[in-house]
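Working notes for the structure below.
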Protein chains: 2
Amino acid sequence: MKHITIKDIAKVLGISKSTVSRALSSDSQNVSKETIRKVLDTADKMGYRKNEMAVNLRHRSTKTIGIILPEAETSFYMKFTSMVQHLLQLKGYRLLLAISDEDFINERSNVELFDKYRVDGLLISTCHNKANYDFYESFIKRGIPIVFFDRIIQGLECSSVKSDDYKATFFLMEHLIYDGRKRILYLAGPDHISTTADRMRAYHDTLSKHHISYDPSLVIVTGTNEEDGAAAMTAFLDSCPPQEMCDALFCFTDLQAVGAKKVLEKRGISIPETISIACMSGTRMAALVSPAITTVERPMLKMSEEAVRLLLAKIEDINTPSEKVVLPAEMFIRASTRRK
Amino acid sequence: MKHITIKDIAKVLGISKSTVSRALSSDSQNVSKETIRKVLDTADKMGYRKNEMAVNLRHRSTKTIGIILPEAETSFYMKFTSMVQHLLQLKGYRLLLAISDEDFINERSNVELFDKYRVDGLLISTCHNKANYDFYESFIKRGIPIVFFDRIIQGLECSSVKSDDYKATFFLMEHLIYDGRKRILYLAGPDHISTTADRMRAYHDTLSKHHISYDPSLVIVTGTNEEDGAAAMTAFLDSCPPQEMCDALFCFTDLQAVGAKKVLEKRGISIPETISIACMSGTRMAALVSPAITTVERPMLKMSEEAVRLLLAKIEDINTPSEKVVLPAEMFIRASTRRK
DNA sequence: CAAATTAATGGAAACGTTCCCGCAACCGTT
DNA sequence: AACGGTTGCGGGAACGTTTCCATTAATTTG
């Protein structure tokens, strides 16, 4: 497939490629109207498309942003990406996407790939909290604009956006407690996710604020999927003596909650009468099941706006001071915690 | 941010950049072991990363594929993209992603952007069936490898992969009919989606095969979302005389089905006893609600494999004959059509 | 041991742009 | 009429690679 170049256009019109280049550029300075018309005409006729590779090489900038997602199971990251793409498009940037599948080896190689590709900046939601700290530290030192979103890495000298998980957890926990719940089973997220710690801290803090003693048997660390939630719930119900049964369930993700909910329903435990359910990391899924599940959602739109803003600021000037943006989450009280 | 180039390495080692380039290349022909070691060493020390732009320009190939999705609401496209990325990564390709948001103006400009970016090939699920037929026709003529997936465009001279919607619809409809359902309400998809026609045809054909007369009031053309499903269901229930009530619901997407199901439940209509529900375009959502919804799912994995295979074949040799792959869908009979 | 082959390297062109510089023609001003 | 400024254009270097070709040194071969 032979691509048309400005040289071809120049030859056809009997002018130099400098003039063609000028005529094709958006400001078109120092070219006669007549020439511009002719160039645009024949370019169109010959099916010319500017080779962005050459432009990038010459300009030493790609007008491309890389975004790295930890997974593509939940709708959150995808929608977030979609929003980011729109915002970036307006600013003349393209998006390069990679998915790490919760594997930090992948994440790392994705970052390196994008770097070789000379992306102007990186948007990252990491799968591990600590594992690649050193890696990113040296990366950032090399002067590459990076903004972490949603799942961030503590202590790095860079901008980030996340939702206020501590406050959100606190809110949901108090919501359960004010409803009279005292034995709140917590299906926690895996250690490597950065939000796990914040939420765990909030879980403890709410309990102690309300003078409820902490019972370690009520905390189960598990995966984030439906199956994980179902398995954890089953294990708990099977092993728990009746007098130690929980009266509420607090999940790390809505998928977990849906899985656990199915188990409860199968065993004839009524929701929310016997056990009420609330969860973090809500998506539309939480609203679609019935009873719909009380949840907090990450403020996707605001988050994408902030992420793009912070990244473009760093791209504009790498010495822009870093900002750690923490956004309030959106709360949705639904039937799973509403006694009839 | 000053990037290290092979020239810098050459200068440090006092050798020519040709030699550095050779040492850095994967086959490393005609370079002494000693030189290779030295080059690799200092490259690492200096933090060298190959500039892919320059490589692309020189090689006239970007090792990049563009994928264009119609939307990012449902998990299907995202997971599909994730699978495709994995497959392409193994072959040394990168993925560039764009989302058209069901707007063919966007779709078009996305294609043009990727073209300027000299992607080696394009993976497209289109939002409109007819609107941009001419556009793609001239595009394909220019010799750019394109494979359409899921939502294809009829009549184009190119490869494509889709699931067998006709057969799947037929199967689900017969499943309902064998259960004794005679008045099957069909929430159809919007006209512009390529699969709409196939499914509509299958709807008619199943009815006539089983000598059930077609009642136009049982077909409602609507959007694919939960809200669309709920609105259509409400409208039908409100306007339908009791003697003309339907005994089954057949939806275009699982989101529609979930929306409609909520309306039915709110009105105390029992599922599946009074009205059973089946739907096309199923995702995990259909399994998560209760009662879980009978559905057919597109064979994501197989589809992604085929799409990649077809595209790489075209990239390898643009004259590879086009293939129109039609894959059998996966059937999931669930509680929404299972009388207790 | 001379000739032929092979191995290791350097020089330079090319990929498709942009943009600086220089030149010529034209304009208006003094 | 001489001058400075503007306009329109062409030449050519540069961006960072790869790769062909030429050159030299080292090795094999008859």
Side-chain angles (χ1 to χ4, degrees), chain A residues 1-40 42-43 46-64 92 94 113 115-120, chain B residues 1-40 42-43 46-64 92 94 113 115-120:
Chain A
M1 173 180 42
K2 163 80 178 130
H3 275 114
I4 307 293
T5 73
I6 51 170
K7 221 169 158 181
D8 299 321
I9 300 178
K11 207 179 295 171
V12 167
L13 290 175
I15 59 179
S16 78
K17 62 195 170 86
S18 319
T19 306
V20 175
S21 171
R22 269 188 296 257
L24 251 23
S25 78
S26 47
D27 42 337
S28 306
Q29 288 220 312
N30 294 330
V31 209
S32 71
K33 300 261 174 231
E34 177 60 14
T35 311
I36 294 183
R37 200 190 48 74
K38 278 198 294 190
V39 169
L40 258 38
T42 56
M46 297 175 73
Y48 169 77
R49 329 264 148 146
K50 191 175 288 198
N51 185 325
E52 294 281 332
M53 295 294 136
V55 177
N56 291 341
L57 185 59
R58 170 72 220 214
H59 280 159
R60 317 170 104 230
S61 124
T62 56
K63 282 288 182 180
T64 305
R94 284 174 283 280
L113 196 70
D115 180 37
K116 285 209 288 187
Y117 214 55
R118 296 292 189 274
V119 293
D120 293 339
Chain B
M1 173 180 42
K2 164 76 178 136
H3 275 115
I4 308 293
T5 72
I6 51 170
K7 219 169 158 182
D8 299 321
I9 300 179
K11 209 180 293 172
V12 167
L13 290 176
I15 59 179
S16 78
K17 61 195 169 86
S18 318
T19 306
V20 176
S21 170
R22 270 187 295 255
L24 251 23
S25 76
S26 47
D27 43 336
S28 306
Q29 289 221 309
N30 294 331
V31 209
S32 71
K33 301 258 174 234
E34 175 61 12
T35 312
I36 294 183
R37 202 191 46 73
K38 278 198 295 189
V39 169
L40 258 36
T42 55
M46 298 175 75
Y48 168 79
R49 329 265 147 143
K50 193 174 286 198
N51 184 326
E52 293 281 333
M53 295 295 137
V55 178
N56 291 341
L57 185 59
R58 171 72 218 209
H59 281 157
R60 317 171 102 226
S61 123
T62 56
K63 282 286 180 183
T64 306
R94 285 174 283 280
L113 195 71
D115 180 37
K116 285 209 289 190
Y117 214 54
R118 297 292 188 272
V119 294
D120 293 338

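These numbers were taken from a predicted model, which means no experiment stands behind them. Proteins get letters first, then strands, A, B, ... in listed order; numbering begins at 1 in each.
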>> Keeping A:Thr42 on the side-chain end and A:Lys38 on the backbone end, is there a donor-acceptor pair under 3.5 Å?
In response: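 Yes.
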
> Quick check: does any side chain N or O of A:Thr62 sit under 3.5 Å from a backbone N or O of A:Arg118, one acting as donor and the other as acceptor?
Replying inline: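 At least one qualifying donor-acceptor pair exists.
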
Under 4.0 Å between a side-chain N or O of [X] and OP1 or OP2 of [N]?
X	N	value
A:Arg60	D:dG16	yes
B:Ser21	D:dT17	no
B:Tyr48	D:dT17	yes
B:Ser16	C:dG10	yes
B:Thr5	D:dG16	no

Rounded to whole Å, how long is the line connecting atom [atom1] of [X] with atom [atom2] of [N]?
X	N	atom1	atom2	result
A:Glu34	D:dT7	CD	P	18 Å
B:Leu24	D:dT18	CG	P	7 Å
B:Arg118	C:dT17	CZ	C1'	11 Å
B:Ile15	C:dA8	CD1	P	13 Å

Side chain of [X], heavy atoms from C-beta onward: which of [options] has the nearest atom to it?
X	options	result
A:Lys17	C:dA13, C:dG16, D:dG12	D:dG12
A:Lys50	D:dT19, D:dC9, C:dT17	C:dT17
A:Arg58	D:dG16, D:dA13, D:dC9	D:dA13
A:Ile6	D:dT19, D:dC9, C:dT17	C:dT17
A:Asn30	D:dG16, D:dT7, D:dG10	D:dT7
B:Leu57	C:dA8, D:dT18, C:dC15	C:dC15
A:Ser32	C:dT17, D:dC15, D:dG8	D:dG8

> To the nearest 0.5 Å, what is the distance between CG (A:Leu57) and CG (B:Asn51)?
Replying inline: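 Result: 6.0 Å between the selected atoms.
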
> Can you find a heavy atom in the side chain of A:Ile15 that is under 4.5 Å from one in the side chain of A:Val39?
Replying inline: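 Yes, their side chains come closer than 4.5 Å.
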
> Within a strict 4.5 Å, meaning less than it, do heavy atoms of the B:Leu40 and B:Leu24 side chains meet?
Replying inline: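 SC-SC contact between B:Leu40 and B:Leu24 confirmed.
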
>> Run the side chain to side chain contact (heavy atoms under 4.5 Å, CB included) test against B:Arg22 and tell me which residues pass, sequence neighbours left out.
In response: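 Scan of B:Arg22 (side chain to side chain contact (heavy atoms under 4.5 Å, CB included), adjacent residues dropped) gives B:Ser18, B:Thr19, B:Val31.
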
>> My understanding is that only residues two or more places apart in sequence, or in another chain, count here; which of them pass salt bridge (Lys or Arg N to Asp or Glu O under 4.0 Å) with A:Lys116?
In response: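 Residues passing salt bridge (Lys or Arg N to Asp or Glu O under 4.0 Å) with A:Lys116: B:Glu52.
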
> Under the salt bridge (Lys or Arg N to Asp or Glu O under 4.0 Å) test, which residues partner A:Asp8, sequence neighbours left out?
Replying inline: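 For A:Asp8 the salt bridge (Lys or Arg N to Asp or Glu O under 4.0 Å) partners, ignoring immediate neighbours, are A:Lys2.
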
>> Counting Watson-Crick and G-U wobble pairs with both distances under 3.5 Å, what is the dot-bracket string for DNA chain C, 5' to 3', using [ ] for crossing pairs and | for pairs to another strand?
In response: ||||||||||||||||||||||||||||||

Please write out each protein N/O paired with an N/O of nucleotides 20-27 of chain C under 3.5 Å, distance rounded to 0.1 Å.
none

>> Please give me the minimum heavy-atom distance between B:Met53 and A:Tyr117, naming the atom from each residue.
In response: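 What the structure gives for the nearest pair is CE-O, 3.3 Å.
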
>> At under 4.0 Å between heavy atoms, how does the protein contact nucleotides 23-29 of chain D? Give one character per nucleotide, 5' to 3', with B, S or -.
In response: -------

> Hey, which of these two, B:His59 or B:Val31, hits DNA chain C nearer its 5' end, going by closest nucleotide?
Replying inline: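 The 5'-side residue here is B:Val31.
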
